[in-house]
**Q** 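Attaching a single structure in structure tokens format; questions to follow.
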Amino acid sequence: MTDSKYFTTTKKGEIFELKSELNNDKKEKKKEAVKKVIASMTVGKDVSALFPDVVNCMQTDNLELKKLVYLYLMNYAKSQPDMAIMAVNTFVKDCEDTNPLIRALAVRTMGCIRVDKITEYLCEPLRKCLKDEDPYVRKTAAVCVAKLYDISSSMVEDQGFLDQLKDLLSDSNPMVVANAVAALSEINEASASGQPLVEMNSATINKLLTALNECTEWGQVFILDSLANYTPKDEREAQSICERITPRLAHANAAVVLSAIKVLMKLLEILAGDTDFCAMLTKKLAPPLVTLLSSEPEVQYVALRNINLIVQKRPDILKHEMKVFFVKYNDPIYVKLEKLDIMIRLANQSNIAQVLSELKEYATEVDVDFVRKAVRAIGRCAIKVEPSAERCVSTLLDLIQTKVNYVVQEAIVVIKDIFRKYPNKYESIISTLCENLDTLDEPEARASMVWIIGEYAERIDNADELLDSFLEGFQDENAQVQLQLLTAVVKLFLKRPADTQELVQHVLSLATQDSDNPDLRDRGFIYWRLLSTDPAAAKEVVLADKPLISEETDLLEPTLLDELICHISSLASVYHKPPTAFVEGRGAGVRKSLPNRSASSAGEESSASVPEATVIPNQESLIGDLLSMDIGAPAAPAVPAPANSNVDLLGGGLDILLGGGPANDTAATTAAAAPAGSSAAGGLLGDIFGIGPVSSTNLIQIPKITWLPADKGKGLEIQGTFSRRAGQVFMDMTFTNKAMQAMTGFAIQLNKNSFGLVPSAPLQVAPLQPSQSTETSLPLGTTGQVQRMEPLNNLQVAIKNNVDIFYFACLVHGNVLFVEDGQLDKRVFLTTWKEIPAANEVQYNLHGIMGTADTVAAKMTANNIFTIAKRNVEGQDMLYQSLKLTNNIWVLLELKLSPGSSDATLSLKSRSVEVGPIIFAAYEQIIRSP
């Protein structure tokens, strides 16, 4: 008979009936009763009243019954902690049972019961089980340490379980090693300090690689993930690890294959100098990726999302495997769309004919979403592979002739991009496009067609009539179409002013008087003023040459791509977002990045004149991540554009909101070009924002605090603070001798820290007599080794004198880390703000603000936080500000102030949001300064 009988509702299911059965002398009856209790518990009934009766059943040799009772205990121990104590003796006894299964079961259950009172009794049995003769018990105990760490981290550290766990890495059984690695990884993620719990070295790596061949598939995944966090000391070691991991690529489990690929992708960065080895390794990576596409659709999708990342980083790996990504008729839509994306990434001159033939076939499918994507893909091929552009345009014209509405509309959207990429080459097809004007009903397609008419108005005889037909329903059009119509009509007027004056007045009236859309209204006013005051300037602005569009507009930003490569085979690689974007709590903030390339490529990079931004690395890796922050190109503040620049000022309208007219733009760029703190810059800022010249004396001075009290310094007391003078960080200290003997021979050393701070000169402290004090100021450079600290501005210091060596930690004030060239050009600010993803925005509430927006801006400017622009929106003052840290990390800020209120909202955007707390603390100190 099946177990379904336990779930049936009869009189025997009642609590009092179960109670009597649990106390029955017959073992079989007891077991039946416990099964009924577990069944009731499973369907959600409250059977906690039976706790003492079920606990009494623990005293049994029957393994099945014991498992059931333990299951019940895990569920109800939290609600009945006092009763759960009754079970402790049995747990302790079971941990010494002759049967290893019972020993493992007891220690596993104790680890799952999250009750402090029971946790205290777990330590001794767990210590014994970690040294148990049976590997099954040891591997279970290893996982139990991680569970115990989650309940009480201090107990695990105090009782020495971490050391025992590290010892298990040398265990003879591979599964024990795998579980020890898994437990250490889990504990490391949960660790508040973020410090690596076990220092990975060649010996440890060798043990893990030995265990890799013999443990189960999930054990292999744990070990491979741990290897991914290790940076080999040289190329030879990296090659050795690659050779030992490569056999994992043939594993049947997709998780093992992807984890192995993740490790190899990281090691390829280190081996960049050895081209022959890299080429050999690259060839080996293709077959396992192709094999993953033979799995079920869900696994295929995960594999394809990971392949998408791999192809962006290293397209050579799959350059000969195009056919694998051709769509099958029975593929689900999500697999089809992903394959299509990868096909475009792999398209090149040698396979473009094959790709276009496939795409044309896809464009005749029945699935609308898929057809749209296929048509867009043809356009992307034209932009990416220049020799194929003519063939792509011809294919798109064939598709337009099908007269299928959604195909025609997508084709027009991509043809607009082709015109942008290849000006004055394919304009002969405009007449064909105009024939389909009446069928367009989607905003993007209508906007694209309007752009084409406006851009090539001189080639279209009836351009005014075509645009006039759009204006009839202007108020009902989408905002995107309205903006394009406004610009297109102005372009037409500038090209043919004689016969379109009435049309331009009509559209300007619609935009400025009848519209509620602020973007449209503002653009309308700008055009109106330009046309009425200086038509020549209007022509220069509106008809300026457009910059050519880039080949790959949807590539991931390089820093993000490198981070996602480190997360291959995890959810981050499927979402294409860093873990911080969708995981809260522990481990979410730990940022991973690829190691630096080998010495040869590093040398080439260092020769570049543009300083790269250093992203603070995790403590697991002491190698600085010199990946670009990608704030415009170059990363440094942009040089002001000349007057006849081809930048499209009216592309998005946002720049108008942030500054006013062209005169202000000139002033802002001039201010950006002037040295920070110079009188010219101060004057221009004053002209734009109403801020007077700023004196460097306004730099805040934070009072000294005690860093080393006399009782810990054997009579030496050190008080200190940090300041910034003449572009350099200083450590200002007062040394006081409260001992009975003289102190001499002072020296200082700083530990590796997040900002690479090191002494620029020796510590100058004269011999200190008893009760004597002396002041000293130590200049600090930022060229030291970088190691992520927690918090980021934590600085560990060692002071040596004739008495002893003393250690203390202090926090570096954020404002001393803000450099003088932190003012971004307004356009670079706008572009960068848009490019940084929303996940990298943090908000903070400020209180106790005194003074107006102008006085706040002046204080900030004095402390190297530069105001780029100021606006008033619905009665609130908005300050847009930028700053740069000593390690070239740029931070963009928006400060929202309400006149008459002492509260404000600060929004921060940066590629490295972990610097947020330092910035917020600095703002608090600056706004409260006199």
**Q** Is it true that E444 and R376 make a salt bridge, defined as a side-chain N closer than 4.0 Å to a carboxylate O?
**A**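 Result for this pair is yes, salt bridge flagged.
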**Q** Check whether any side-chain heavy atom of L486 lies under 4.5 Å from a side-chain heavy atom of Y527, and answer yes or no.
**A**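 Yes, their side chains come closer than 4.5 Å.
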**Q** Please check this pair: side chain of S882 against backbone of L892, looking for a donor-acceptor N/O pair closer than 3.5 Å.
**A**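 No.
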**Q** Evaluate whether atom NZ of K909 has more than 12 neighbouring non-hydrogen atoms of other residues, nucleotides or ligands under 6.0 angstrom away.
**A**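 Yes, NZ of K909 has more than 12 neighbouring heavy atoms, counting only those of other groups under 6.0 Å.
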**Q** Strictly by modelled atom types, are D341 and N308 linked by a side-chain donor-acceptor pair under 3.5 Å?
**A**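 Yes - a donor-acceptor pair under 3.5 Å links their side chains.
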**Q** Check the side chains of N840 and R911 for a donor-acceptor pair under 3.5 angstrom, ignoring hydrogens and angles.
**A**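 No, no side-chain donor-acceptor contact under 3.5 Å.
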**Q** Not counting sequence neighbours, which residues clear ring-ring contact (aromatic ring centres under 6.0 Å, His included) with W833? List them please.
**A**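 Here the qualifying residues are F829.
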**Q** Determine yes or no for a side-chain-to-main-chain donor-acceptor pair under 3.5 angstrom, with K859 supplying the side chain and I927 the backbone.
**A**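 It does hold such a pair.
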**Q** So, using side-chain hydrogen bond (donor to acceptor under 3.5 Å, both in side chains) as the criterion, who are the partners of Q925 when residues are at least two apart?
**A**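 Partners of Q925 under the side-chain hydrogen bond (donor to acceptor under 3.5 Å, both in side chains) test: none.
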**Q** Could you list the residues that satisfy salt bridge (charged side-chain N to carboxylate O under 4.0 Å, His left out) with E924, not counting sequence neighbours?
**A**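 If we apply the salt bridge (charged side-chain N to carboxylate O under 4.0 Å, His left out) test to E924, skipping adjacent residues, the hits are R928.
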**Q** Is there a donor-acceptor pair under 3.5 Å between the side chain of S910 and the backbone N or O of V891?
**A**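 No, S910 side chain to V891 backbone: no donor-acceptor pair under 3.5 Å.
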**Q** Checking the side chain of S532 only, and the main-chain atoms of R529 only, is there a donor and an acceptor separated by less than 3.5 Å?
**A**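 Checked: pair present.
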**Q** List in chain and number order the residues that pass side-chain hydrogen bond (donor to acceptor under 3.5 Å, both in side chains) with S898, two or more places apart in sequence or in another chain; answer none if no residue qualifies.
**A**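 Result, side-chain hydrogen bond (donor to acceptor under 3.5 Å, both in side chains) vs S898: Q876.
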**Q** Determine whether a donor-acceptor pair (N or O, by modelled atom type, separation under 3.5 Å) exists between the side chain of S912 and the backbone of E914.
**A**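 No; zero donor-acceptor contacts below 3.5 Å.
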**Q** Are D417 and R380 within salt-bridge range, i.e. N to O under 4.0 Å?
**A**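 Result for this pair is no, no salt bridge flagged.
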**Q** Are the side chain of Q482 and the backbone N or O of F474 linked by a donor-acceptor pair below 3.5 Å?
**A**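 Side chain of Q482 to backbone of F474, a donor-acceptor pair under 3.5 Å: yes, one is there.
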**Q** Determine whether a donor-acceptor pair (N or O, by modelled atom type, separation under 3.5 Å) exists between the side chain of Y422 and the backbone of A382.
**A**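 The answer is yes, because a donor-acceptor pair under 3.5 Å joins these two groups.
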**Q** Do I918 and F755 make a side-chain contact, defined as non-hydrogen atoms from C-beta onward lying under 4.5 Å apart?
**A**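 Side chain of I918 against side chain of F755, heavy atoms only: contact under 4.5 Å found.
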**Q** Ignoring hydrogens and angles, tell me if any N or O in the side chain of N863 forms a donor-acceptor pair with the backbone of I865 under 3.5 Å.
**A**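 Side chain of N863 to backbone of I865: no pair is present.
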**Q** Taking the side chain as every heavy atom from C-beta outward, state whether S907 and E841 have any atom pair closer than 4.5 Å.
**A**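 S907 vs E841: side chains touch.
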**Q** Measure from the side-chain N and O atoms of Q409 to the backbone N and O of E442, and report whether any donor-acceptor pair falls under 3.5 Å.
**A**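 Here the side-chain-to-backbone pair exists.
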**Q** Can you tell me which residue pairs pass the salt bridge (charged side-chain N to carboxylate O under 4.0 Å, His left out) test with a partner in residues 477-493, sequence neighbours excluded?
**A**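 Only R446-E477, E455-K491 qualify under salt bridge (charged side-chain N to carboxylate O under 4.0 Å, His left out).
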**Q** For K577 and L564, what are the C-alpha separation, side-chain angles and deciding distance, and is it a side chain to side chain contact (heavy atoms under 4.5 Å, CB included)?
**A** CA-CA 7 Å; K577 291 179 181 177; L564 292 177; 5.7 Å; no
**Q** At what distance, to the nearest 0.5 angstrom, does CD1 of I919 lie from CG of L908?
**A**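 I919 CD1 to L908 CG: 6.5 Å, rounded to 0.5 Å.
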**Q** Could you pull out all residues at least two apart from F920 that satisfy ring-ring contact (aromatic ring centres under 6.0 Å, His included)?
**A**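 ring-ring contact (aromatic ring centres under 6.0 Å, His included) list for F920, sorted by chain: Y844.
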**Q** State plainly whether the residues K870 and D877 are in salt-bridge range, i.e. N to O under 4.0 Å.
**A**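 Not counted as a salt bridge, because no side-chain N and carboxylate O are separated by less than 4.0 Å.
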**Q** Between K539 and D534, does any side-chain N to carboxylate O distance fall below 4.0 Å?
**A**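 Result for this pair is no, no salt bridge flagged.
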**Q** Test your reading of the model: is there a side-chain donor-acceptor pair from R724 to the backbone of F818, 3.5 Å cut-off?
**A**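 Looks like yes, one N/O pair under 3.5 Å.
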